[in-house]
Amino acid sequence: MALIAMWPFLIHRTIRPSSHTGGLQVDSSHLSVTAPNYKSIQFTSFLLTGVPGLEDFQIWISIPFSFMYLLAVTGNGFVMAVVACDKSLHEPMYLFLTMLALNDVLLCTVTVPKMLLIFWQGPSLSVFPACLTQMFFVHALFLSESAILLAMAFDRYVAISAPLHYATLLTGSFIGKVGLALVARSVAVVTPGVLLILRLHFCKSNIIHHTYCENMGIAKLACNSITLNSVYGLTAALLTTGLDFVFITVSYWLILRTVFQLSSSEAWTKAFGTCGAHLCVILIFYTLAFFSFFTHRFGRQIPRYILILLANLYLLVPPTMNPIVYGIKTKEIRIRVLGLFSQPKQPWNNELTRTKESEMDDQIKI
């Protein structure tokens with residue numbers, strides 16, 4: 001956090017008029033600055049233009065994006081409120097769900113409001129410190145999302161494969177340490193990327209054809225070499241989210257292997273129903289993320305507007321889907337949310353008690 005607070009001082013830049021050309025040339029229609037002598041200028045702000053090629057349709061694109069954002073914030077807000085208010089849900093699985101819901105709300109809020117403002121009002125100017133701060137939180141929250149999904153996969157593996165050791169392994173202290181570890185990992189991985197951006201000299205253009213500030217989108221505007229930025233970004237992605245995806249895959253494979261050894265068809269149905277829904281969300285998250293990541297670097301034949309839309313979807317679709325899959329598919333949270341809108345409370349309490357007893361019986365059988 002101290003690094004973030006110091007960014008405005010670390011990245012104070014000045015624009016110096018060219019001694020060879022007699023001054024700067026300003027294109028007021030795009031709020032960009034160009035100069036024949038690139039070394040004589042340094043930009044202090046960037047212009048986010050939105051989705052290139054779809055400027056006339058951005059007002060219509062904003063409708064589904066607004067609905068998805070509202071659904072994501074509302075759904076994840078309900079999940080956090082239910083777990084926070086019900087002490088009986090202060091268990092590892094629900095605490096991880098709360099972490100995921102909080103991370104989803106933050107991830108959406110970092111990008112979507114600015115994106116909608118661009119869709120409604122046109123290109124938006126962002127000063128360099130604000131752009132760099134948004135880049136930091138976008139990548140840090142994405143990494144923490146991946147880490148939480150991995151922690152949830154491990155939680156389900158222990159619950160199904162070693163139910164007798166579940167309470168002793170996943171204690172409140174352990175979950176707190178996991179939360180601190182995923183925050184520390186995100187900061188440790190993203191901070192070098194920020195420092196690599198700070199070393200660049202931006203003198204070609206200040207126009208970012210995107211809806212938010214992200215690492216390579218900023219780096220590509222630099223005059224000096226960005227090879228180190230690209231190599232570090234690719235390596236960091238493979239060693240964090242790439243390994244997370246591998247470990248999640250292994251966890252669910254072990255879970256399914258354990259389920260196959262059971263003789264109860266009811267346990268099979270329950271396990272496949274839960275794991276199937278979770279795997280769908282995980283596949284959507286990683287498929288969109290990796291496709292957007294690699295095509296942004298290597299997909300030069302793919303239209304730019306597709307790349308930008310994918311870059312927005314992989315940050316918005318999972319937060320919209322997670323409360324539906326993880327919340328509604330979890331009986332305790334579903335019943336608790338429905339109880340908020342139902343008048344008689346006693347039947348809800350009885351149903352919740354019966355549900356928890358049924359869950360305990362199923363876990364013992366597994």
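Applying the salt bridge (Lys or Arg N to Asp or Glu O under 4.0 Å) test to every pair with at least one member in residues 52-66, sequence neighbours left out, gives no pairs at all. For residues 178-188, the salt bridge (Lys or Arg N to Asp or Glu O under 4.0 Å) pairs, not counting sequence neighbours, are Arg185-Asp244.
When the side-chain contact (heavy atoms from CB on, under 4.5 Å) test is applied to Ala311, the partners found at least two apart in sequence or on another chain are His210, Tyr212, Ser292, Tyr314. Listed by chain and number, the residues in a disulfide (SG to SG under 2.5 Å) with Cys213 are Cys131 (sequence neighbours excluded). Partners of His139 according to the side-chain hydrogen bond (donor to acceptor under 3.5 Å, both in side chains) rule, which considers only residues two or more places apart in sequence or in another chain, do not exist here. Applying the ring-ring contact (aromatic ring centres under 6.0 Å, His included) criterion to Tyr69, with sequence neighbours excluded, gives no partner residue. Here Leu102 pairs with Met80, Leu106 under the side-chain contact (heavy atoms from CB on, under 4.5 Å) rule; sequence neighbours left out. Remark: Phe119 pairs with no residue by the ring-ring contact (aromatic ring centres under 6.0 Å, His included) rule, at least two apart or across chains. Residues forming a side-chain contact (heavy atoms from CB on, under 4.5 Å) with Tyr232 (at least two apart in sequence, or on another chain): Val189, Pro192, Leu196, Ala236. Applying the ring-ring contact (aromatic ring centres under 6.0 Å, His included) test to Phe65 and every residue at least two apart in sequence or in another chain returns nothing. For Ser62, the side-chain hydrogen bond (donor to acceptor under 3.5 Å, both in side chains) partners two or more places apart in sequence, or in a different chain, are Trp120. In this structure Phe154 satisfies the ring-ring contact (aromatic ring centres under 6.0 Å, His included) test with no other residue, sequence neighbours excluded.
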